[in-house]
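As structure tokens, the structure follows; a few thoughts come after it.
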Amino acid sequence: MNEPFVTIGYSSLSDRVGEIELPPKKNNVEILIAVQGGIAQEPNREDVELIHLDSMGAARSRNKILSEANGEILFFGDHDMKWVQDGMAVVLKHFSENKNVNLILGQTIDENSNLRKRYFGKKKRLSRFNSAKAATYEIAIRTRPFREHTIEFDEDFGAGTENYLGDEYIFIADACANGLICEFIPTIVAIHPSESSGTRFGTMEDTKVRSIVFRKVFGRLAPIARLGFVLRDPLRFRNLNLILRFVFGRFPN
């Protein structure tokens, strides 16, 4: 089985590029680092290319990586995570054996080797109803169909914007809406600290952003979808006031 050419794409602020723990060099892998917020020093590796952007926002940097990637398969990464090579190999094998699959969502563990969230126990077809907890560094895609369908990360969402989370969920939902097959497989692809924007619940700010994300994905059906999300784990919202505001999308100005 011929291994596909792979791109590993990182999004990073300029002052954090030096914190990236690069994976081992491989002949069939290129590494792109989209840099925002200034000029960063080029790593001393010929397989690594820095792409400096004069804009801000993680979604914009990921879209730049998607447009510049030479790889058939693209893994998305952040500056503060570490790849698990065995898990990445499982993802690549699944892509090779399932040519109709265009996006794979894997698992991540925290710094204490604990799964960062509850995951499905087995392979699962993804949809807008079951992928709201996706993280960027859990996602790998087949680049060609995403380019053919002009599917990108929504630049109004994600780190560095007012709506600072949910861009990954919208990305998967858009892919599903365009008929691309997206799957979860239970394999650990990365290590990431336990704290991140997507795991924070219980404030007016994150509740409002999540409500807006569901409006983007579901439109007029958003209140029903939000209610279903609440019923899966009501305690994460901390109080009834936040639950009601989330479901009905009503927040103070």
Side-chain angles (χ1 to χ4, degrees), residues 1-12 17 19-36 40-53 58-108 123 126 134-153 167-168 171-172 174-176 178-192:
M1 180 178 66
N2 293 327
E3 292 188 357
F5 191 73
V6 173
T7 299
I8 298 175
Y10 292 91
S11 301
S12 179
V17 170
E19 301 173 16
I20 296 175
E21 188 169 345
L22 296 171
K25 182 180 176 182
K26 292 185 177 180
N27 291 332
N28 65 324
V29 176
E30 68 170 0
I31 298 173
L32 303 181
I33 305 176
V35 182
Q36 296 175 314
Q41 183 176 354
E42 196 88 25
N44 187 26
R45 283 194 22 183
E46 61 271 22
D47 59 329
V48 178
E49 178 184 354
L50 265 57
I51 304 172
H52 289 91
L53 283 72
R60 291 183 179 182
S61 65
R62 290 166 190 148
N63 287 338
K64 183 64 174 177
I65 289 169
L66 177 54
S67 68
E68 297 291 330
N70 294 304
E72 176 187 347
I73 305 299
L74 169 58
F75 289 83
F76 292 101
D78 285 339
H79 78 280
D80 55 350
M81 47 78 66
K82 179 180 178 180
W83 296 108
V84 176
Q85 297 298 311
D86 289 347
M88 296 177 77
V90 172
V91 168
L92 293 174
K93 184 173 185 289
H94 193 76
F95 272 127
S96 295
E97 295 177 350
N98 300 272
K99 299 297 185 182
N100 62 331
V101 174
N102 304 121
L103 179 149
I104 292 175
L105 185 69
Q107 299 169 311
T108 49
K123 184 179 76 171
L126 295 176
T136 309
Y137 37 82
E138 296 170 342
I139 296 173
I141 66 169
R142 203 182 296 275
T143 52
R144 178 179 291 179
F146 279 82
R147 290 169 177 162
E148 290 175 347
H149 289 83
T150 321
I151 301 169
E152 297 182 326
F153 288 89
D167 50 317
E168 302 95 342
F171 183 69
I172 294 174
D174 285 348
C176 295
N178 279 275
L180 302 190
I181 295 178
C182 307
E183 289 186 347
F184 164 83
I185 60 173
T187 188
I188 296 168
V189 296
I191 303 168
H192 190 277

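Quick caveat, the model's predicted, so the values are computed rather than measured.
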Quiz item: After noting the C-alpha distance and the side-chain angles of Val84 and Val189, does the key distance pass the side chain to side chain contact (heavy atoms under 4.5 Å, CB included) rule?
Solution: CA-CA 5 Å; Val84 176; Val189 296; 5.7 Å; no
Side chains of [X] and [Y], heavy atoms from C-beta outward: is any pair under 4.5 Å?
| X | Y | result |
| --- | --- | --- |
| Arg60 | Gln36 | yes |
| Ile141 | Phe75 | no |
| Leu92 | Pro4 | yes |
| Leu53 | Val35 | no |
| Ile33 | Ser61 | no |
| Ile65 | Leu74 | yes |
| Ile8 | Pro23 | yes |

Quiz item: Any side-chain donor paired with an acceptor under 3.5 Å for Glu183 and His94?
Solution: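 Note: Glu183 and His94 side chains meet the donor-acceptor criterion.
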Quiz item: How many angstroms lie between atom NZ of Lys82 and atom CG of Leu22, to the nearest 0.5 angstrom?
Solution: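 Atom-to-atom, Lys82:NZ and Leu22:CG are 12.0 Å apart.
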Quiz item: Mind checking whether Tyr137 and His192 have ring centres under 6.0 Å apart?
Solution: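 Yes, they do, as the ring centres are separated by less than 6.0 Å.
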Of all the heavy-atom pairs spanning [X] and [Y], show the shortest one and how long it is.
| X | Y | value |
| --- | --- | --- |
| Leu105 | Ala134 | CD1-CB, 3.8 Å |
| Ile151 | Ala175 | CD1-CA, 3.8 Å |
| Leu103 | Phe95 | N-CE2, 4.1 Å |
| Gly87 | Thr187 | CA-OG1, 3.5 Å |
| Leu126 | Cys176 | O-SG, 3.5 Å |
| Met81 | Ala190 | CE-CB, 3.6 Å |

Is the number of heavy atoms from other residues, nucleotides or ligands under 6.0 Å of [X] [atom1] greater than 12?
| X | atom1 | result |
| --- | --- | --- |
| Asn100 | CG | yes |
| Arg45 | CZ | yes |
| Glu21 | CD | no |
| Glu19 | CD | yes |

Quiz prompt | Residue from Phe153, Trp83, Phe146 passing ring-ring contact (aromatic ring centres under 6.0 Å, His included) with Phe76 | solution =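 Looking at Phe153, Trp83, Phe146, the match for Phe76 under the ring-ring contact (aromatic ring centres under 6.0 Å, His included) is Phe153.
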Quiz item: Under a 4.0 Å N-O cut-off, is there an ion pair linking Arg62 with Asp78?
Solution: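 Counted as a salt bridge, because a side-chain N and a carboxylate O are separated by less than 4.0 Å.
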Quiz item: Would you call Arg142-Glu72 a salt bridge at under 4.0 Å N-O?
Solution: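 Yes, this pair counts.
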Exercise. For Ile185 and Val90, run side chain to side chain contact (heavy atoms under 4.5 Å, CB included): C-alpha distance rounded to whole Å, both residues' side-chain angles, the deciding distance at 0.1 Å, then the answer.
Key: CA-CA 9 Å; Ile185 60 173; Val90 172; 4.1 Å; yes
Exercise. Would you check, one step at a time, whether the test side chain to side chain contact (heavy atoms under 4.5 Å, CB included) holds for Ile188 with Thr108?
Key: CA-CA 5 Å; Ile188 296 168; Thr108 49; 5.7 Å; no
Quiz item: How far apart are the C-alpha atoms of Ser12 and Ile20, what are their side-chain angles, what is the distance that settles it, and do they pass the side chain to side chain contact (heavy atoms under 4.5 Å, CB included) test?
Solution: CA-CA 9 Å; Ser12 179; Ile20 296 175; 4.2 Å; yes
Quiz item: Ignoring hydrogens and geometry, is there a side-chain-to-backbone donor-acceptor pair from His149 to Asp174 under 3.5 Å?
Solution: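 Pair absent, no side-chain N/O of His149 close to backbone of Asp174.
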